[in-house]
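Just passing along the structure, written as structure tokens.
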Amino acid sequence: MIPPREKWSTKFNEWFRDVIARAEVYDYRYPVKGVGIWPPYGMKIRNNVISIIKKLLDETGHEEVLFPMLIPEDILRKESEHIRKFEEEVFWVTYGGKRKLERRLALRPTSETAIMEMWKLWIKDHTDLPFRIYQIVNIFRYETKATQPMIRLREVTTFKEAHTAHATMEDAEKQVRTAIEIYKKFFDELCIPYMISRRPEWDKFAGAVYTIAFDTLMPDGRALQIGTVHNLGQNFSRAFEVTYLKPDGTHEYVYTTSYGISERVIAALIGIHGDDHGLVLPYNVAPIQVVIVPIPYKESEEEVFSLCNKVLEALRSIGLRVHLDDRDDVTPGEKFYYWELKGVPLRIEIGPRDVAQKCVTVSRRDTLERIIVKVDEIKEEIPKILEDMRNDMRRRARKWLEEHTFFTQNLEEAVKIIEDRRGVVVTPWCGNTDCGLSIEDNVNGRILGTPLDMDVDVKGMKCIMCNKDAKTVIRISKTY
Ligand code: P5A
Ligand code: ZN
């Protein structure tokens, strides 16, 4: 039986704050608004998530770098669209000790400008291209919308930003497609279902030609942007005069892209899979993948512990992260609750009956289902169960997103769906900006954009708002 999700979907926010605190994933009690702390358990989850994205980037020709956190004001101002948006969100360093700085320094809100400033020195020739770098850093944004742990921070601590430079717009387009493929794999690894949409003009990244966004749907029916890929064209390279020498001896501005994710993906991971008992982690990000809980009885203690150790060694020998909970001042029942809260994928109970039957009892965290496994087959069976569990989690989450996506051509119905927080509306649109903005007003939600992962023929369809011929369909939802 899958634990009921509806219980907490109506008060998801409270559930989320409670579970990250109790499971010791994230501590949000620090006395600065919009900043938080990764305690040891959360840090381990975070590091596992980071290794997945690093591997995917390293395999696809990206190299890791580290740029300064401080960006001088004149450099941040070079690209006018960029600063126009970030103006409101920058934290400024204005003093050095008691001395007022002559040149204000920004705490990076993102690193396009810092990187462009150096690319001007690094990129000379067509043989230098393509250029692909990434860094995992903290960034600062003075967010004015309600701050939320992991979801809307003023100090984002797990900002993975990739930046690339290319000789042609086609190459930049190709990189955008590659980045989308990388993120698809990344979210699949984490069992997070996603929608890929091209953001409308008014909602693209500051300085971008266009923005492709990954959104997921949280249990409260609101969409959460969990990653973005931007084609920046020559907007930044012109402002920063980043050119390269072409084979024909002329110079041209490079074409750039950038794409980023943050700890929001960890919030999505927790929010989407967690239940009333706590976290539910896929094994690849779980700090502990299997916990062994002995159920000793008088006289059989020695045999039970001996089998526990045998199982521990067997699973360690195949590279699993296993923990034997041999605390003697805590009851087995209390241990069950504790490790369920922590989201450990599998629990193995070992008591006298298991010893006698040369078996162990395995419980899956996602379904709470119990499976009997023969001791002799443990090395083959446990990895299979872990993989099954992860596949089921991915499938269930994807299904949930699909069940909460509704196609309609009727405005009232769209309004109702969004109002009831039932999820995402897909509907035809004429493509006109004013019309789009009035759709957002009417439904009291946001246009996520045109789906890139959905085939819809709009021939014959009319715009939900103005009834003119539809150019495309769009996704609409309440958002974070
Ligand atoms: C792409 C990387 C950028 O900043 N520059 C470098 C580009 N894009 S973005 O859309 O503004 O941010 C990328 C992703 O970071 C997450 N994010 C946040 N997470 C938590 N708190 C915040 N305040 C915050 N702001 C952005 C989003 O998932 C976003 O898609
Ligand atoms: Zn219209």
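Only a predicted model underlies this, so the values are computations on that prediction, with no experimental measurement involved. For the numbers below, each heavy atom of this structure counts, side chains included, while hydrogens, waters and symmetry mates do not. We count ligands from 1, going down the list as the structure has it; atoms in each ligand are counted the same way.
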Distance under 6.0 Å and angle within 45° of ring axis: R422 vs F406
yes
Knowing that exactly one of E402, R394, R395 qualifies, which makes a side chain to side chain contact (heavy atoms under 4.5 Å, CB included) with R398?
E402
Closer than 3.5 angstrom, by distance alone: can the side chain of E143 be matched with the main-chain N or O of K145 as a donor-acceptor pair?
no
Would you verify whether the NZ or CZ of K184 falls within 45 degrees of the ring axis of Y194 while also being under 6.0 Å from that six-membered ring's centre?
no
For D18, is there an ion pair with R22 - N to carboxylate O distance below 4.0 angstrom?
yes
At a 4.0 angstrom heavy-atom cut-off, ligand 1 is contacted by T110, E112, R141, E143, M150, I151, R152, L153, V156, F159, E161, H163, F205, Q225, I226, G227, T228, H230, S258, Y259, G260, S262, R264
How large, to 10°, is the angle at the Zn ion (ligand 2) when you draw lines to SG on C466 and to SG on C430?
110°
Angular separation of C463 SG and C435 SG about the Zn ion (ligand 2), given to 10°
100°
Side-chain ion pair, E201 and K204, N-O less than 4.0 Å
yes
Under 3.5 Å, is there a donor on one side chain and an acceptor on the other for E161 and S111?
yes
